[in-house]
Chemist: 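The structure is given below, and queries will be raised subsequently.
Counting starts at 1 for both ligands and their atoms, following the listed order.
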Amino acid sequence: MRIDVVTIFPDYLAALDLSLVGKARRAGLLDLRVHDLRAWTADRHRTVDDTPFGGGAGMVMRPDVWGRALDDLTRAGEDGGPAAHIIVPTPSGEVFTQRHAETLATEEHLVVACGRYEGIDARVVEHHRAAGYRVSELSIGDYVLNGGEVAALVMIEAVGRLLPGVVGNPESLVEESHGAAGLLEYPVYTKPPAWAGLEVPEVLLSGHHARIERWRRDQALARTAARRPDMVAALEVAALDRHDLDVLAGLGWVVDGDRLRRAEEGTPGAVAE
Ligand code: 6GU
């Protein structure tokens with residue numbers, strides 16, 4: 001996969017030399033290039049922003065500068081291959097999830113456009129969509145960052161680790177949180193078996209594979225119910241076994257058609273049923 005990142009702070013992306021993503025780059029699995037947006041400016045001051053039409057606080061990034069950058073980079077590496085997918089990190093985008101990471105990991109070429117200030121002139125996205133490019137405006141969550149760089153790091157790491165050969169043991173991708181099971185991951189333990197007066201749960205030392213699997217699944221269900229009720233509500237009843245449903249009933253979740261819902265307060269009858 002090739003990824004081009006455009007930013008006014010290329011140094012922000014230095015972290016992509018480290019860890020798994022850095023290793024993937026050195027192994028030639030990921031061709032990642034970081035570009036300074038100012039390379040596409042045309043004036044002596046290398047201006048990338050200006051005041052917003054309509055007034056208001058802050059500055060807006062100029063469409064002409066971004067247009068030249070994206071024209072150059074979407075053409076680069078195309079060679080008759082599939083068109084680049086443009087990613088614009090923005091707090092007003094769709095929320096980036098593991099599903100986005102999985103889809104983006106199948107692309108051949110991503111171009112990530114990191115905005116600063118109040119964002120990029122809206123005509124840039126409009127123009128590149130009209131020119132036939134896929135453009136995804138993505139947020140990494142409901143909070144405000146100063147620019148798209150940290151969000152780009154998050155997305156590139158999430159995508160990079162899904163590329164074939166990047167994670168040494170692909171099995172570790174299977175059970176992790178936000179995988180296909182729709183549950184958070186169970187708690188994990190290693191040596192020593194007793195630490196700070198706390199014991200590793202007995203079942204994990206038992207060597208009884210089936211009991212361990214069941215305990216882990218129960219823990220995953222309990223954690224998900226406690227921390228992410230939205231994920232429990234999204235589970236399909238058909239994907240759950242009798243024991244799952246019993247555990248969830250004990251946590252106050254009842255079957256309602258093909259989904260689960262929180263039993264109303266004061267209806268122990270529904271839970272018992
Ligand atoms: Cl992608 N950008 C900025 N500036 N803030 C954010 C974000 C992105 N995602 C969440 N907050």
Chemist: May I ask you to identify the nearest protein heavy atom to atom 3 (C) of ligand 1, giving residue, atom name and distance to one decimal place in Å?
Modeler: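 Checking every protein heavy atom, the shortest distance to atom 3 (C) of ligand 1 gives P91 CD, 3.3 Å.
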Chemist: Quick one: does ligand 1 sit under 4.0 Å from the side chain of P89, the backbone, both or neither, non-hydrogen atoms only?
Modeler: both
Chemist: At what distance is the nearest protein heavy atom to atom 1 (Cl) of ligand 1, and which residue and atom is it?
Modeler: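 Ranked first by proximity to atom 1 (Cl) of ligand 1 is T90 N, 3.0 Å.
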Chemist: If you count the atoms of ligand 1 from 1 in the order shown, which ones are under 4.0 Å from a heavy atom of S139?
Modeler: 1 (Cl), 9 (N), 10 (C)
Chemist: Just distances here: any N/O of L145 and N/O of ligand 1 closer than 3.5 Å?
Modeler: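 Yes.
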Chemist: Looking only at distance, does Y143 have an N or O less than 3.5 Å from an N or O of ligand 1?
Modeler: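 Y143 vs ligand 1: N/O contact under 3.5 Å present.
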Chemist: Does a side-chain N-to-carboxylate-O contact under 4.0 Å join D43 and R46?
Modeler: no
Chemist: Which residue and atom name correspond to the protein heavy atom nearest atom 9 (N) of ligand 1, and how close is it?
Modeler: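 For this ligand atom, the closest protein heavy atom is I140 N, 2.9 Å.
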Chemist: Would you call L138 a ligand 1 contact, heavy-atom distance under 4.0 Å?
Modeler: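 L138: in contact with ligand 1 (<4.0 Å).
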Chemist: So, do V247 and R217 sit near enough that their side-chain heavy atoms are less than 4.5 Å apart?
Modeler: no
Chemist: Give a yes or no on whether D142 atom CG has more than 12 heavy-atom contacts from other residues, nucleotides or ligands under 6.0 Å away.
Modeler: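 Open.
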Chemist: State plainly whether the residues R129 and E137 are in salt-bridge range, i.e. N to O under 4.0 Å.
Modeler: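 Yes, this pair counts.
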Chemist: Salt bridge or not between D17 and K23? Use side-chain N to carboxylate O under 4.0 Å.
Modeler: no
Chemist: For ligand 1, which atoms sit closer than 4.0 Å to a heavy atom of G147?
Modeler: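 In order of number, 2 (N), 3 (C), 4 (N).
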Chemist: Would you say T97 and H100 are linked by a side-chain donor-acceptor pair, where the criterion is simply a distance under 3.5 Å?
Modeler: yes
Chemist: Quick one: nearest non-hydrogen protein atom to atom 10 (C) of ligand 1, plus distance?
Modeler: G141 O, 3.1 Å
Chemist: Can you find a heavy atom in the side chain of R68 that is under 4.5 Å from one in the side chain of V65?
Modeler: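 Answer yes - side chains close enough.
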